[in-house]
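Remarks on the structure that follows.
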Amino acid sequence: MFTRISRPFFSRPTLDVARAVMGMRLVRLEGETRLAGVITEAEAYIGESDLGCHAKAGLTPRTAVMYGPPGHAYVYFTYGMHWMLNFVTEAEGFPAAVLIRAIQPTEGLEIVAARRKGRPSAEWANGPGKICQSLGIDRALNGHDLCAPEAVLFVENGDPIPDSSVTIGPRVGLNSVPEPWKSVPWRFRVTQGIGDQG
DNA sequence: AGCACGATTAACT
DNA sequence: GTTAATCGTGCTC
């Protein structure tokens with residue numbers, strides 16, 4: 001069976017967490033309904049010195065969650081219409097997080113399909129905004145404790161993904177971020193076995 | 001109070 | 001390939 005991931009998992013170097021979540025299940029509970037998918041892409045955002053990370057602005061109302069304890073959700077709004085889901089990592093006081101960029105939906109497919117109406121299944125959750133749309137994640141889940149017994153958003157163990165199936169490369173969407181932060185290889189994605197991204 | 005811009009997406013040409 | 005949509009955030013005045 002699948003076991004829930006507990007806090008020590010997130011209280012580690014962010015790059016380790018970003019790699020380790022490959023193949024794990026992201027689970028969202030909506031009352032009696034369970035929605036879930038296998039994580040196939042993630043990126044690391046690490047500290048105030050990382051100019052691609054929101055924490056470059058220091059401790060603000062928006063970034064406060066990243067400064068808090070690990071194992072919580074950092075959910076933020078961007079481009080006037082999209083929500084993004086992150087897992088807070090590392091020790092409390094150090095601002096870092098893993099952005100979940102893609103999942104392959106495995107449970108609650110009827111609801112996911114309805115929320116992604118008219119689109120092929122391959123495009124249901126192959127982007128950070130699409131994940132939040134399909135799983136019903138928004139501001140209400142910012143700061144949510146992923147490790148609490150009563151959590152409605154959490155992570156479960158999945159089948160481990162071998163290194164041969166994981167591609168590492170630069171993060172996406174940081175077009176105006178200066179080097180080296182724009183190009184550091186802090187993006188991980190499953191390119192064989194699960195998912196359909198190449 | 002005003003401003004520029006964004007860890008994106010979908011719909012165009 | 002380009003671009004509109006759309007608004008919270010952090011910065012400047």
Side-chain angles (χ1 to χ4, degrees), chain A residues 10 13-22 26 37 39-68 70 72-90 94-105 112-144 146 153 155 166-190 195-198:
Chain A
F10 299 100
T14 307
L15 288 170
D16 292 353
V17 177
R19 168 63 181 85
V21 295
M22 295 296 101
L26 176 66
I39 297 171
T40 58
E41 182 177 348
E43 289 175 353
Y45 290 85
I46 312 174
E48 296 176 350
S49 62
D50 173 7
L51 297 184
C53 179
H54 291 161
K56 69 177 185 240
L59 177 56
T60 68
R62 183 200 206 188
T63 63
V65 173
M66 275 200 285
Y67 286 81
H72 289 243
Y74 168 44
V75 180
Y76 70 89
F77 186 64
T78 192
Y79 291 106
M81 61 187 84
H82 300 300
W83 296 97
M84 304 283 142
L85 170 66
N86 299 251
F87 301 155
V88 175
T89 58
E90 314 226 14
F94 183 86
V98 170
L99 170 70
I100 307 305
R101 285 194 59 90
I103 65 172
Q104 176 175 303
V112 168
R115 291 176 179 172
R116 302 285 303 144
K117 194 164 186 170
R119 312 200 180 279
S121 59
E123 296 175 15
W124 282 349
N126 64 335
K130 301 175 193 179
I131 292 173
C132 291
Q133 183 186 345
S134 60
L135 298 189
I137 295 168
D138 65 13
R139 135 170 299 163
L141 287 174
N142 188 35
H144 192 75
L146 307 171
L153 183 68
V155 185
V166 176
T167 298
I168 303 175
R171 296 175 293 183
V172 176
L174 306 187
N175 300 304
S176 63
V177 171
E179 299 289 1
W181 311 112
K182 179 177 175 177
S183 300
V184 289
W186 291 356
R187 177 194 192 200
F188 300 80
R189 57 185 179 133
V190 180
D196 29 14
Q197 313 127 62

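To find a chain, count down the sequence lines: A is the first, B the second, and so on, and within it residues start at 1.
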Specify the separation, in whole Å, of atom CG of Leu99(A) and atom C1' of dG6(B).
13 Å

Is the closest basic N to carboxylate O distance between Glu43(A) and Arg101(A) below 4.0 Å?
yes

Hey, which of these two, Gln133(A) or Ala97(A), hits DNA chain B nearer its 5' end, going by closest nucleotide?
Ala97(A)

For Glu41(A), does its backbone N or O pair with a side-chain atom of Arg187(A) as donor and acceptor, under 3.5 Å?
no

What is the distance from CG of Leu85(A) to P of dT8(B), rounded to the nearest Å?
14 Å

What nucleotide, of dG10(C), dT9(B), dA7(B), holds the atom closest to the side chain of His82(A)?
dT9(B)

Does dA7(B) have its OP1 or OP2 closer than 4.0 Å to a side-chain nitrogen or oxygen of Arg187(A)?
no

Might you work through the side-chain contact (heavy atoms from CB on, under 4.5 Å) test for Asn86(A) and Val65(A), ending with a clear yes or no?
CA-CA 10 Å; Asn86(A) 299 251; Val65(A) 173; over 6 Å; no

Does Gly52(A) reach a base, just sugar-phosphate, or nothing at all? Heavy atoms under 4.0 Å.
base

Ignoring hydrogens and angles, tell me if any N or O in the side chain of Trp83(A) forms a donor-acceptor pair with the backbone of Gln133(A) under 3.5 Å.
no

Asn142(A) CG to dG8(C) P, in whole Å, measures 14 Å

Base, sugar-phosphate, or nothing: which does Asn86(A) touch, judged by heavy atoms less than 4.0 Å apart?
base

Look at Arg116(A) and dA10(B) and indicate whether a side-chain polar atom (N or O) is within less than 4.0 Å of OP1 or OP2.
yes

Rounding to a whole Å, what distance do you find between Trp83(A):CH2 and dT8(B):P?
16 Å

Under the 3.5 Å Watson-Crick or G-U criterion, the dot-bracket string of DNA chain B, with | for inter-strand pairs:
||||||.|||||.

Is there a side-chain contact between Arg119(A) and the phosphate of dT9(B), meaning an N or O under 4.0 Å from OP1 or OP2?
no

Taking the P atom in each of dA4(C) and dA4(B), what is the distance between them to the nearest angstrom?
16 Å

Kindly point out which of dA7(B), dG10(C), dT8(B) is positioned nearest to the side chain of Thr63(A)?
dG10(C)

So Met84(A), base contact, sugar-phosphate only, or nothing? Heavy-atom distance under 4.0 Å.
sugar-phosphate

Candidate nucleotides dT8(B), dG10(C), dT9(C), ranked by approach to the side chain of Val172(A) - the nearest
dT8(B)

Inter-residue atom distance Thr14(A).OG1 - Phe87(A).CZ, 0.5 Å rounding:
13.0 Å

Once you round it to whole Å, what is the distance between C1' of dG8(C) and CG of Asp138(A)?
14 Å

On the nucleotide dC7(C), are OP1 or OP2 found under 4.0 Å from the side-chain N or O atoms that Arg62(A) carries?
no

Rounded to whole angstroms, how far apart are CG on Leu174(A) and C1' on dG6(B)?
11 Å

May I ask you to decide if Ser134(A)'s main-chain N or O and Arg115(A)'s side chain share a donor-acceptor pair within less than 3.5 Å?
yes

Take Arg139(A) and Met81(A), find for each the nucleotide of DNA chain C with the closest heavy atom, and name the residue whose nucleotide sits nearer the 5' end.
Met81(A)

Parallel, tilted or perpendicular: rings of His54(A) and Tyr74(A) (30°, 60°):
perpendicular

Under 4.0 angstrom, heavy atoms only, what part of the nucleic acid is Phe77(A) near: base, sugar-phosphate, or nothing?
sugar-phosphate

May I ask whether Tyr76(A) stacks on the base of dA7(B), given the cut-offs of 5.5 Å between ring centres and 30° between planes?
no

Check whether any side-chain N or O of Lys130(A) sits under 4.0 Å from OP1 or OP2 of dA10(B), and answer yes or no.
yes

Any chance you could lay out the side-chain contact (heavy atoms from CB on, under 4.5 Å) test for Tyr76(A) and Arg62(A), step after step, and finish with the verdict?
CA-CA 8 Å; Tyr76(A) 70 89; Arg62(A) 183 200 206 188; 3.6 Å; yes

State the CG-CG distance between Leu51(A) and Leu174(A), to the nearest 0.5 angstrom.
10.5 Å

Rounded to whole Å, CH2 of Trp124(A) lies from C1' of dT9(B) at a distance of 18 Å

Rounded to whole Å, please give me the gap between OH in Tyr79(A) and C1' in dT6(C).
12 Å

His54(A) or Thr78(A): which one's nearest nucleotide on DNA chain C is closer to the 5' end?
Thr78(A)

